[in-house]
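To start, the structure under review is shown below, and the notes come after it.
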2 protein chains.
Amino acid sequence: MTSLTPETTNPHGGHTLEAMSALWSGELRSHGRRVTKQRLAVLAAVHGHPHSTAEEIVQHVREDLPTITVQSIYVVLADLTAIEMLRKFQPPGTPGLYETRTDDNHHHAFCIRCGRVEDVDCSVGEAPCLTPSESHGMTVLSADIVYRAICADCAAREAAEQESSSGPTAAVAP
Amino acid sequence: MTSLTPETTNPHGGHTLEAMSALWSGELRSHGRRVTKQRLAVLAAVHGHPHSTAEEIVQHVREDLPTITVQSIYVVLADLTAIEMLRKFQPPGTPGLYETRTDDNHHHAFCIRCGRVEDVDCSVGEAPCLTPSESHGMTVLSADIVYRAICADCAAREAAEQESSSGPTAAVAP
DNA sequence: AGCGTTATTGTGAATACCTCAGAATAACTG
DNA sequence: CAGTTATTCTGAGGTATTCACAATAACGCT
């Protein structure tokens, strides 16, 4: 922790890629999975680019492993999701998005205009939306929440367009 | 309400199909939409079979309109969803599901084993999961919640299978 | 370290779900 | 009832994802 060699510092936020890899390797093994460079590369890509689609992950992984195939990415993503090392969610009208934050109860806000996604720590408390722990005899495991929202940029842009259609600025002669 | 002719009684729960059609027609018109038999048939099908996929809705609608096409169903579903006469949601690994309950704050429990879906009236209160009304500058409109769950049947079946692998019952000679 | 076993990845193709552009039809207005 | 224009139909296309089988490489053992 006190060493300051180039290898131990990185822009990502405290943990080096090597440290993360070691962590991930252990976790993979504890789930009976082999540690492959493909899996580590996928984990690194998703960790570095949260809320990525499979296609985007392919691009990022190919910086390390230029020959990896789309199909392998899908297989790896599905498997890592199954053992909950990754989390998958799918706002309406978009392909599946992946992230590495799996152990906290957080959710997602999705801009229905531009598709932007932000993490939302559930503000009510611990796991408020898990309260219906029994319904119709079903045992609830977890809650996937997607907040349909409009981001600040889109709200501003729409306000401006609204203004221009009856106000003094812009769009004088269409 | 007091008439008891055959047309005014039906098994669905108080409202006749004709009454619903009149209601839907008015709602369509108020959204600037024309009242077509296709739209009414789709609304009736979804109303009679909540949590249906587009493909299932095609089957049901074809009982009335045998020649309707899958594409038209998709167009109608998308349009009715856009004006919020239908609600669409999509548990992981399944196609989009549609329902007519749009004006109440209810959510869905989804059995990750068999795919069964049940409505869940949010038990915490009014709209608890809408509390993060501002996050990252995004204005939240609504929350789509899918509870990942295991239904009673699947839980029982898995318990039985667990038992049989080390217990006395079943699967004596495979 | 080398070797065998078996999970994992790559290859090639296929599927499911959904959307698009343009022509034909039918719902509303007067 | 006739005209206008939304809506549906026809036919094709596209994207996200999955499948079966062959090739590869990670791990446990000596």
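Below, read A as the first sequence line, B as the second, and so on, with proteins coming before strands; counting in each chain starts at 1. These values consider heavy atoms only, across backbone and side chains, with no hydrogens, waters or symmetry-generated copies.
If you take CG of A:L65 and C1' of D:dA25, they are 13 Å apart, rounded to a whole angstrom. The separation between B:Y74 atom OH and D:dG14 atom P is 18 Å, rounded to whole Å. Taking atom CZ of residue A:R62 and atom C1' of nucleotide C:dT9, one finds them 13 Å apart after rounding to whole Å. Atom CD1 of B:I73 is separated from atom P of C:dC20 by 18 Å (rounded to the nearest Å). Nucleotide D:dA16 holds its C1' atom 12 Å from the CG atom of A:L97, rounded to whole Å. Here the P atom of nucleotide C:dA16 and the CD atom of B:Q90 are 16 Å apart, to the nearest Å. Between the C1' atom of D:dT17 and the CD1 atom of A:I57 lies a distance of 14 Å, rounded to the nearest Å. Atoms CG (B:D79) and C1' (C:dC20) sit 16 Å apart, rounded to a whole Å.
Note on B:T36: only backbone sugar-phosphate atoms sit closer than 4.0 angstrom, heavy atoms only; bases stay farther off. Across all strands shown, B:V35 has heavy atoms under 4.0 Å from sugar-phosphate atoms exclusively, and none from any base. Here A:T69 lies in heavy-atom contact (under 4.0 Å) with a base.
Residue whose closest nucleotide on DNA chain C sits further toward the 5' end, between B:G96 and B:K37: B:G96. DNA chain D is contacted by both A:K88 and B:R39; B:R39 maps to the nucleotide lying nearer its 5′ end (nearest heavy atom per residue).
Of the candidates D:dA26, D:dA12, D:dC19, D:dA12 carries the atom nearest the B:Q71 side chain, counting heavy atoms from C-beta on. The side chain of A:P95 has D:dT17 as its nearest neighbour among D:dC27, D:dT17, D:dA26. Among the nucleotides D:dT7, C:dC17, D:dT8, the one closest to any side-chain atom of B:R33 is D:dT7.
In this model, a donor atom of one side chain and an acceptor atom of the other lie less than 3.5 Å apart for B:R148 and A:S142. Of the N and O atoms on the side chains of A:D119 and B:H136, not one donor lies less than 3.5 Å from an acceptor on the other residue. Side chains of B:H49 and B:Q59: a donor-acceptor N/O pair is absent below 3.5 angstrom, by distance only.
Looking at A:R39 and A:D79, a side-chain N of the basic residue comes within less than 4.0 Å of a carboxylate O on the acidic one, giving a salt bridge. Ion pairing of A:D64 with A:K37 is absent here, as no side-chain N (NZ or NE/NH1/NH2) approaches a carboxylate O to less than 4.0 Å.
A:R34 contributes a side-chain N or O that forms a donor-acceptor pair with the base of C:dT6 under 3.5 Å.
Applying the 4.0 Å criterion to OP1 and OP2 of D:dC9, one finds that B:Q38 has a side-chain N or O inside that range.
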